[in-house]
2 protein chains.
Amino acid sequence: MTRAEENYLKAIYQLTAGMNQRVSTTALAERLETKPSSATDMLQKLHDKAMVKYTKYKGAQLSPEGRHIASQIVRKHRLWEVFLVEKLAFGWDQVHDIAEQLEHIKSPDLVERLDAFLDCPKVDPHGDPIPDKNGNIEQINKILLCDQTPNSRSMLMGIKDTDDAFLKYLSQKNIKLGSVITVLDKEPFDESMTVDIDQNTHFISKIISTNIYVQPL
Amino acid sequence: MTRAEENYLKAIYQLTAGMNQRVSTTALAERLETKPSSATDMLQKLHDKAMVKYTKYKGAQLSPEGRHIASQIVRKHRLWEVFLVEKLAFGWDQVHDIAEQLEHIKSPDLVERLDAFLDCPKVDPHGDPIPDKNGNIEQINKILLCDQTPNSRSMLMGIKDTDDAFLKYLSQKNIKLGSVITVLDKEPFDESMTVDIDQNTHFISKIISTNIYVQPL
DNA sequence: ATTATTTTTTAGATAAGACTAAAAATGGAA
DNA sequence: TTCCATTTTTAGTCTTATCTAAAAAATAAT
Ligand SMILES: [Mn+2]
Ligand SMILES: [Mn+2]
Ligand SMILES: [Mn+2]
Ligand SMILES: [Mn+2]
């Protein structure tokens with residue numbers, strides 16, 4: 001698998017959230033910031049390699065083999081993110097681009113040793129689950145903060161839009177994985193919220209609360 | 001810098017042992033297991049990028065910029081080797097190929113954090129010095145074991161030929177960096193040695209003793 | 001059912017990096 | 001100096017991964 005091939009497999013995997021749906025050429029090209037014609041080329045190649053099932057004009061879906069490879073790229077990406085944050089003290093807004101490179105390092109042994117070194121983490125620094133070596137994911141039950149009602153208490157379990165600026169915004173306000181959130185008030189008009197997060201009061205717009213996953217306590 | 005460009009710069013750097021000598025196209029091609037014609041192409045490109053001074057038919061030498069970049073690739077390679085051995089418990093015969101990939105990860109911040117995480121090591125698992133961020137190397141005074149005389153005591157400081165099989169041979173006999181070696185006897189005929197290494201007696205051929213660096217005690 | 005619009009594929013071009021085969025330069029021997 | 005063997009470069013081809021522009025298919029709108 002070349003680096004480009006791996007990136008395509010991962011993109012299909014992420015676009016379908018690990019499910020076995022089909023992905024259109026355009027969607028794939030957009031995600032990879034490339035052109036649809038390039039995606040078509042690659043899908044044909046991946047089809048020949050039996051990594052995807054590709055039907056002209058109908059998009060592509062991962063084969064079992066392709067899905068497994070994709071899951072292992074995601075596994076590596078997230079394990080490396082844990083390493084960078086836990087061991088090298090990077091902020092959660094600084095690790096994505098580096099993990100984007102590290103995920104392509106080839107050595108099955110390395111992945112398993114890294115996993116052990118990190119005490120087999122189940123989620124990455126953004127709360128995203130880490131697939132195991134068979135590609136299985138332990139799904140945790142999480143909902144969006146915007147769907148919480150006043151007086152509810154919940155714990156921050158993940159970030160939906162892991163844009164660097166958003167992550168930086170959160171950590172600057174000391175909001176992090178595990179933070180305990182109590183919804184104090186919800187404005188019906190614009191669905192903005194007043195919330196208590198770890199004993200601090202914050203005013204949160206709808207766009208913020210739509211990008212935070214929580215687990216009700 | 002592409003991966004290929006970095007590999008060429010590193011190869012020139014290593015072939016001249018960090019000195020500023022010229023390297024021939026053939027020597028370079030051999031080191032990189034490629035063809036001289038490919039090396040010529042790359043040298044012309046690196047010359048255009050001012051990374052080497054290349055004169056047709058006369059070989060190439062690193063520019064200050066090229067030498068600095070090369071030193072940082074070597075720095076990364078050796079830091080990652082330390083990480084793999086010290087933190088992930090790899091054997092010293094298992095890390096080269098993985099470091100060969102990791103050395104191309106681009107993130108200045110990462111290198112410095114990794115260095116700190118490892119307590120700023122000065123040598124890699126094979127005893128080779130790690131350049132600092134300016135490319136400076138702390139030279140340690142080491143000689144070959146084959147040049148030691150009977151009754152001398154010395155400490156193992158490095159391996160010359162870091163071939164995997166040789167490394168495995170050594171660790172299997174529990175010979176490692178820091179081992180204390182006393183030369184008991186030296187056979188004039190084939191220059192083989194009887195040595196005591198960490199309280200164990202070993203018979204060592206000339207080819208072995210020529211590939212072990214020691215520091216007299 | 002025809003058009004029109006959007007999506008997708010093909011055709012052809014480009015750049016990096018490697019290769020083979022052939023030409024040119026170099027350095028040593030006669 | 002002249003010839004020869006070796007080294008090095010050039011010329012042309014190949015693969016991977018991209019792009020643009022044009023053709024074809026699918027979808028949506030009359
Ligand atoms: Mn990421
Ligand atoms: Mn992540
Ligand atoms: Mn190495
Ligand atoms: Mn080494």
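Every chain is numbered from 1, with letters handed out A, B, ... down the list of sequences. Note that this is a predicted model, so its numbers are computed, not measured.
- For the pair A/Asp41 CG and C/dA11 C1', the interatomic distance rounds to 10 Å; values are reported in whole Å.
- In the set C/dT9, D/dT18, C/dC19, C/dT9 carries the atom at the smallest distance from any side-chain atom of A/Ser37.
- Atom CD in B/Glu30 sits about 13 Å away from atom C1' in D/dT6, given to the nearest Å.
- A search for ring pair (Phe, Tyr, Trp, His ring centres under 6.0 Å) contacts involving B/His96 returns B/His77, not counting sequence neighbours.
- Heavy atoms of B/Thr34 sit under 4.0 angstrom from primed sugar atoms or phosphate atoms, though from no base atom.
- Contact check of residues 4-15 of chain B against DNA chain C (heavy atom, cut-off under 4.0 Å) returns B/Ala4, B/Tyr8.
- Salt bridge annotation for A/Arg3-A/Glu100: absent, with no cationic side-chain nitrogen under 4.0 angstrom from a carboxylate oxygen.
- Between B/Phe117 and B/Phe83, the ring planes are tilted. Angles from 30° to 60° get that label.
- Neither OP1 nor OP2 of D/dT18 sits under 4.0 Å from any side-chain N or O of A/Ser38.
- For the pair A/Leu28 CG and C/dT7 C1', the interatomic distance rounds to 14 Å; values are reported in whole Å.
- The NZ-P distance, from B/Lys49 to C/dA15, rounds to 14 Å in whole Å.
- B/Glu30 pairs by the salt bridge (charged side-chain N to carboxylate O under 4.0 Å, His left out) definition with nothing, not counting sequence neighbours.
- Side-chain nitrogen and oxygen atoms of B/Ser24 include none within less than 4.0 Å of the OP1 or OP2 phosphate oxygen of D/dT7.
- Checked against side chain to side chain contact (heavy atoms under 4.5 Å, CB included), A/Lys56 has the following partners two or more places apart in sequence or in another chain: A/Tyr54.
- Separation of atoms CG (B/Asp124) and CG (B/Leu177) is listed at 8.0 Å; rounding is to 0.5 Å.
- Without hydrogens or angle criteria, A/Ser63 side chain to A/Ala50 main chain gives a donor-acceptor distance under 3.5 Å.
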**Asked** Which string of ( ) [ ] | and . matches DNA chain D, if you list each base 5' to 3' and count Watson-Crick or G-U pairs only when both distances are under 3.5 Å?
**Response** ||||||||||||||||||||||||||||||
**Request:** Give the C-alpha distance, both sets of side-chain angles, the deciding distance and a yes or no for side-chain contact (heavy atoms from CB on, under 4.5 Å) between B/Leu110 and A/Leu84.
**Result:** CA-CA 8 Å; B/Leu110 174 59; A/Leu84 294 171; 3.6 Å; yes
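- Spacing between atom CZ of A/Arg3 and atom P of C/dA16 amounts to 18 Å, rounded to whole angstrom units.
- We find that B/Lys168 and B/Asp164 are not joined by a salt bridge, their nearest charged nitrogen and carboxylate oxygen being 4.0 Å or further apart.
- For the pair A/Tyr54 OH and C/dT10 C1', the interatomic distance rounds to 10 Å; values are reported in whole Å.
- One atom, CZ of B/Arg22, and another, P of C/dT26, lie 12 Å apart when rounded to the nearest Å.
- Taking atom CE on A/Met42 and atom C1' on D/dT15, their separation rounds to 12 Å, with Å as the unit.
- Here A/Arg31 contributes atom CZ and A/Thr34 contributes atom OG1; the two are 14.0 Å apart, rounded to the nearest 0.5 Å.
- Look at B/Glu187 and B/Lys206 and you find no salt bridge, because none of the NZ, NE, NH1 or NH2 atoms lies under 4.0 Å from a carboxylate O.
- Remark: of the listed residues B/Lys10, B/Arg78, B/Gln72, B/Lys10 is the sole one forming a side-chain hydrogen bond (donor to acceptor under 3.5 Å, both in side chains) with B/Glu103.
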What pairs of nitrogen or oxygen atoms, one from the protein and one from nucleotides 24-29 of chain D, lie under 3.5 Å apart?
{"residue": "D/dA25", "atom": "O4'", "partner": "A/Tyr57", "partner atom": "OH", "Å": "3.4"}

